[in-house]
Amino acid sequence: MKEDQQTDEQTVKLTQDPITLHDKKFTPFISQHKIQSKVRELADKISFDHNNTNPVFIIVLKGAFMFASDLLKNASIPCETEFVRIKSYDGMQTTGEVKEIVGLQRSAKDRHVVIVEDIVDTGTTMNHFINSLNKLHTPRTVQIASLFVKPQLIQYDLQIDYCGFEIGNDFIVGYGLDYNELGRNLPRVYKLKQ
Ligand code: IMP
Ligand code: MG
């Protein structure tokens with residue numbers, strides 16, 4: 001019996017067949033069960049480290065919405081949330097430049113910040129965001145929680161304090177991540193079929 005079938009009634013109905021989003025096919029990659037247990041593990045670590053810090057979670061939309069929701073439901077600490085939008089991706093290619101940042105409602109000055117991101121690919125987005133955050137808001141500490149990291153592609157010296165899964169050079173969708181806006185609502189993660 002497949003892991004999905006053992007652990008999650010809902011996913012029994014899902015097949016292992018590829019799915020199609022726009023013009024591309026994607027195959028199942030990481031199950032809902034694996035994602036959920038990794039997210040709980042990260043939430044436990046963060047809760048332990050930030051027991052007394054009242055951190056501000058800065059959630060990077062749109063991709064991190066599902067991860068952030070599950071992460072924060074599992075984090076048993078007092079905390080605040082802020083949402084930002086940053087964009088450097090177009091279709092399946094990073095554009096190499098950050099296109100937009102829609103700002104924070106409140107200052108993160110002197111606060112312990114945990115940035116919640118779906119995936120760090122080249123690191124352009126995160127690097128740019130951290131630089132602006134440090135410059136404009138002078139937080140006390142800044143950490144990164146990213147569900148996925150592509151270590152082979154990262155081009156900046158970024159420390160990912162809370163990393164869910166290290167993956168290869170694959171384009172993935174689901175659990176918040178999209179291919180041209182499709183696939184964000186999928187409860188598990190798929191990768192591009194080669
Ligand atoms: P970076 O600036 O190259 O690190 O790209 C980061 C952003 O690109 C992420 O926040 C995602 O929104 C998007 N991205 C990078 N890799 C993927 C992927 O495999 N699937 C979907 N979106 C991705
Ligand atoms: Mg993102």
Side-chain angles (χ1 to χ4, degrees), residues 18-32 34-35 38-39 42 46 56-72 81-104 108 113-136 142-194:
I19 56 161
T20 303
L21 302 174
H22 297 295
D23 55 333
K24 304 271 186 250
K25 282 194 164 40
F26 294 84
T27 49
F29 183 37
I30 306 177
S31 72
Q32 191 172 358
K34 272 199 185 134
I35 295 169
K38 183 61 80 178
V39 171
L42 295 181
I46 294 175
V56 182
F57 289 98
I58 299 183
I59 297 150
V60 183
L61 297 173
K62 301 175 188 175
F65 83 99
M66 233 184 239
F67 172 42
S69 164
D70 289 338
L71 185 74
L72 296 193
T81 52
E82 287 285 331
F83 298 86
V84 292
R85 269 211 81 184
I86 314 167
K87 223 175 164 215
S88 75
Y89 238 73
D90 204 7
M92 275 191 236
Q93 294 292 310
T94 183
T95 60
E97 58 178 303
V98 173
K99 283 184 173 169
E100 53 173 316
I101 298 181
V102 179
L104 300 174
V113 167
V114 181
I115 302 169
V116 183
E117 175 64 302
D118 52 357
I119 187 162
V120 176
D121 183 308
T122 62
T124 308
T125 310
M126 192 48 67
N127 188 59
H128 182 98
F129 181 57
I130 287 183
N131 286 344
S132 334
L133 190 70
N134 280 328
K135 205 158 112 198
L136 300 172
V142 179
Q143 290 181 306
I144 304 171
S146 186
L147 186 57
F148 300 99
V149 179
K150 297 182 187 174
Q152 294 159 22
L153 296 183
I154 211 161
Q155 289 170 17
Y156 299 85
D157 184 20
L158 287 173
Q159 182 181 324
I160 315 294
D161 305 275
Y162 308 102
C163 167
F165 302 92
E166 290 194 346
I167 63 168
N169 186 5
D170 289 303
F171 186 81
I172 60 173
V173 293
Y175 198 69
L177 292 118
D178 72 308
Y179 168 44
N180 278 342
E181 296 305 325
L182 286 183
R184 292 193 196 278
N185 60 318
L186 297 164
R188 61 175 162 171
V189 168
Y190 293 73
K191 70 175 170 184
L192 182 67
K193 192 164 188 259
Q194 297 299 342

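Counting convention: from 1, in listed order, for ligands and their atoms alike. What you see below is based on every heavy atom in this structure, not just the backbone, and it leaves out hydrogens, waters and symmetry mates.
A heavy-atom distance below 4.5 Å is not found between the side chains of K150 and D170. The closest side-chain heavy-atom distance from Y175 to V39 is below 4.5 Å. In this structure the side chain of T81 reaches within 4.5 angstrom of the side chain of I59, judged on heavy atoms. No side-chain heavy atom of D118 sits less than 4.5 Å from a side-chain heavy atom of V60. A 4.5 Å side-chain heavy-atom check between L21 and Y190 finds every atom pair outside the cut-off.
Interface atoms of ligand 1 facing T125, defined by a heavy-atom separation under 4.0 Å, are 1 (P), 2 (O), 5 (O), 6 (C). Interface of D121 with ligand 1, defined as ligand atoms under 4.0 Å from a residue heavy atom, comprises 1 (P), 3 (O), 4 (O), 5 (O), 15 (C), 16 (N). Atoms of ligand 1 lying under 4.0 Å from any heavy atom of K150, numbered from 1 in the order shown and given with element: 16 (N), 17 (C), 18 (C), 19 (O). Within ligand 1, counting atoms from 1 as listed, the ones closer than 4.0 Å to a heavy atom of L177 are 20 (N), 21 (C), 22 (N).
Using cut-offs of 30° and 60° for the angle between ring planes, the F171 and F26 rings count as tilted.
Under a 4.0 Å heavy-atom criterion, G123 is in contact with ligand 1. Contact analysis leaves V173 out of contact with ligand 1, as no non-hydrogen atom separation drops below 4.0 angstrom. The shortest separation from a heavy atom of D178 to ligand 1 is under 4.0 Å, placing the residue in contact. For the ligand labelled ligand 1, residue H128 lies outside the 4.0 Å heavy-atom shell.
Ligand 1 has a nitrogen or oxygen under 3.5 angstrom from a nitrogen or oxygen of I172.
To the nearest 0.5 angstrom, L177 atom CG is 7.5 Å from R184 atom CZ. In this structure, OH on Y156 lies 9.5 Å from CG on N131, to the nearest 0.5 angstrom.
In this structure, of Y190, Y156, F171, Y179, the residue bringing a heavy atom nearest to atom 18 (C) of ligand 1 is F171.
Under 4.0 Å from ligand 1, the heavy atoms of D170 that appear belong solely to its backbone. Only side-chain heavy atoms of E117 come within less than 4.0 Å of ligand 1; its backbone N, CA, C and O stay farther off.
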